[in-house]
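What follows is a single structure, written as structure tokens, with notes after it.
Sequence lines set the chain letters: A, B, ... in the order given, protein chains first and strands last, and positions in each chain run from 1. Every heavy atom of this structure was used, including side-chain atoms; hydrogens, water molecules and symmetry mates were not.
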Amino acid sequence: METIKLQQKARGERPQYLDAEVEKVLSITMALAGEVAVMRERIDSIERLLEKAAVITREDVGNYVPTAKEHAEREAWREGFLDVVLRVVTQEKEALEEMARGMESYDEAVKRVESAD
Amino acid sequence: MERSLTSQQSHAVFPQPTAEEASRQDFVRSLKLHLANKVSTANKLAFEVRAGRDYMAQTGKAATTYQEIRDAMKHEPYFTFWSAMQRNSQEMMWKACQLPVERQLPSLIDSARNSEGAGGTLELNPELETPRYHKAVDIHCMPGGYHTEFADDDVANGAVYDRAVYLYAMGRMGECNSDIGDTTIAYLKEHFPALKPTRILDLGCTVGHSTLPYADAYPEAELHAIDVGAPVLRYAHARAESMGKKVHFRQENAEDMSCYEDESFDLIVSHILVHETSHKAMRNIMRECRRLLKPGGVVIHAETPPYRDLPAYDAFMLDWDTRNNNEPYWGASHEIEPAAIAEETGFDPAKAFEGYQPSAFEAAEAKRARVFQGGDFGGGGAWYVWGAVKD
């Protein structure tokens with residue numbers, strides 16, 4: 001049966017936040033991170049199946065339905081995975097927190113500017 | 001090779017994902033949660049320690065309105081990088097939802113063709129012109145919007161939307177994505193306890209997420225629902241039949257509902273419809289609601305809070321969608337004043353109302369941070385409702 005292709009690009013101009021090249025690299029990196037997570041869950045299915053049976057088929061892996069507990073374990077894994085992959089983003093957040101500790105509060109800064117007017 | 005989901009309720013036309021497709025969707029959901037809980041929260045810090053201070057240094061005044069905060073944040077690197085990731089998460093979400101739909105579209109179309117069970121109806125109008133505000137850009141970046149058809153009797157974008165809403169809300173609208181309908185009903189029962197509607201109309205119903213709760217809340221009422229998109233309506237009809245809820249769906253534009261007689265409804269509702277229309281369309285819709293309502297009838301719209309009720313920073317974050325998520329009327333729709341629009345459209349302004357209703361979805365997951373963080377459209381844990389009562 002012929003596959004019906006859905007429209008891939010949303011109509012409307014895509015906003016650009018970063019340099020065009022960086023923007024593309026970010027998109028590719030995030031898509032790859034997603035595929036790593038997909039692959040890791042496939043391995044997780046294989047491991048869990050192998051704990052119960054000596055021989056498994058590709059179909060067994062494709063059919064694998066995690067239990068609620070396993071689902072929660074995978075969710076926790078993804079959270080940890082994102083912490084690792086997006087480490088550099090968290091690092092900037094920590095730098096901002098450091099900056100905040102060394103300066104007067106924002107409200108005080110506002111007050112100062114307003115009183116100087 | 002199909003995998004049933006425990007978290008979103010399945011039905012006859014639900015696009016069942018394979019194990020891998022489910023993993024891909026789960027990743028998007030995790031990414032959205034990560035961005036909302038761990039990344040977006042520090043945008044405010046970036047404003048306070050860097051962007052806001054730079055703005056003060058340059059202009060000699062503090063950024064106090066949401067527009068000024070937007071100017072101040074325009075080149076703030078933490079914010080722009082978050083924005084880029086947030087936009088990506090949105091695009092990844094559509095892709096992850098399209099893949100299982102593309103794989104099984106012919107069988108989904110077949111299921112929809114053969115749907116029956118609850119006695120509801122579906123009336124399509126191929127002559128109906130798709131409004132300009134839906135043709136110009138694809139709302140919230142869903143490729144093809146609500147109306148584009150990719151096959152005969154297509155249901156594709158209904159199926160894509162059904163699953164994507166669940167991921168977008170990060171599961172926090174319940175297993176049937178019904179939180180906005182449930183919450184609006186809770187408001188109605190509390191504020192209009194005497195209202196016993198015999199005919200209800202839902203505007204811009206898409207796949208019926210918010211429509212179906214009315215079947216249970218007002219079982220004596222005849223339930224009607226309209227939308228401009230044929231694919232979402234076919235899907236809505238099949239979904240409702242499969243879930244045993246009787247609804248009469250029609251393809252109509254809420255700006256011109258001449259298919260319905262004057263004073264033929266007691267209750268007209270809409271859920272996150274307003275921001276997907278336009279300034280002019282919203283006024284046409286209110287005039288039509290006034291015509292369709294019986295005396296004493298109620299029109300109510302559920303949305304996210306108007307900017308005037310939010311601290312400027314929260315309004316700025318909520319406004320992100322206007323320019324970044326293909327929601328052109330989002331910003332202006334959040335400036336609507338119920339009494340003013342009621343007066344403009346023939347209602348008694350004294351009979352206009354607005355209020356907040358806590359989100360009806362009470363699962364543990366709904367315990368979200370009470371902060372707007374972009375991409376978290378029910379972020380305050382409550383929905384804003386407004387409307388008017390006809391004299």
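For A/Arg74 and A/Glu70, the salt-bridge test fails: no basic side-chain N is under 4.0 Å from an acidic carboxylate O. Between B/Asp110 and B/Arg113, at least one side-chain N (NZ, or NE/NH1/NH2) sits under 4.0 Å from a carboxylate O, which counts as a salt bridge. By the 4.0 Å N-to-carboxylate-O rule, A/Arg48 lies close enough to A/Glu73 to be salt-bridged with it. Looking at A/Glu114 and B/Lys61, no side-chain N of the basic residue comes within less than 4.0 Å of a carboxylate O on the acidic one, giving no salt bridge.
In this structure, B/Trp330 has its ring center at least 6.0 angstrom away from the ring center of B/His140. The aromatic ring centres of B/Phe79 and B/Phe316 sit less than 6.0 Å apart.
B/Lys32 and B/Ser89 share a side-chain donor-acceptor pair at under 3.5 Å. For the residue pair A/Glu75 and B/Ser30, no side-chain donor N or O sits within less than 3.5 Å of a side-chain acceptor on the partner. No side-chain N or O of B/Tyr146 forms a donor-acceptor pair with one of B/Asn157 less than 3.5 Å apart. A side-chain donor-acceptor contact under 3.5 Å links A/Asp60 and A/Thr57.
A side chain to side chain contact (heavy atoms under 4.5 Å, CB included) with B/Pro100 is found for one member of B/Gln16, B/Glu20, B/Arg163, B/Glu21 and no other, namely B/Glu21.
Contact tally against chain B (heavy-atom pairs below 4.5 Å) for A/Glu23, A/Arg78, A/Lys9: the top residue is A/Arg78. Across B/Val39, B/Asp154, B/Thr148, the residue that shares the most heavy-atom pairs under 4.5 angstrom with chain A is B/Thr148. Ranked by non-hydrogen atom pairs under 4.5 Å with chain B, the options A/Gln16, A/Glu79, A/Arg40, A/Met30 are led by A/Met30. For the set B/Ile139, B/Thr64, B/Leu105, B/Thr80, the count of heavy-atom pairs under 4.5 angstrom toward chain A peaks at B/Thr80. With respect to chain A, the highest number of heavy-atom pairs below 4.5 Å among B/Pro77, B/Ser83, B/Ala136, B/Ala57 belongs to B/Ser83. For the set B/Met85, B/Arg323, B/Met142, B/His75, the entry with the most heavy-atom pairs within less than 4.5 Å of chain A is B/Met85. Between chain B and the residues A/Arg14, A/Arg42, A/Glu97, A/Glu35, the largest count of heavy-atom pairs under 4.5 Å involves A/Arg14.
For a residue to count as touching a neighbouring chain, one of its non-hydrogen atoms must lie under 4.5 Å from one of that chain's; by this rule A/Asp107 does not touch chain B. For A/Ile4, the parts sitting under 4.5 Å from any heavy atom of chain B are the backbone and the side chain alike. Within the 4.5 angstrom heavy-atom criterion, atoms from both the backbone and the side chain of A/Lys93 approach chain B. For B/Lys74, no part lies near chain A; criterion is any non-hydrogen pair under 4.5 Å. Heavy atoms closer than 4.5 Å to chain A are found in the side chain of B/Val101, but not in its backbone. Neither the backbone nor the side chain of A/Glu94 comes within contact range of chain B, judged by heavy atoms closer than 4.5 Å. Heavy-atom distances place both the backbone and the side chain of A/Ala33 under 4.5 Å from chain B. Contacts between B/Asn324 and chain A at a heavy-atom distance below 4.5 Å involve backbone atoms as well as side-chain atoms. Of the two parts of A/Val61, only the backbone, made up of N, CA, C and O, holds a non-hydrogen atom closer than 4.5 Å to a non-hydrogen atom of chain B. If you measure heavy-atom distances from A/Ser105 to chain B, the contacts under 4.5 Å come from the backbone alone.
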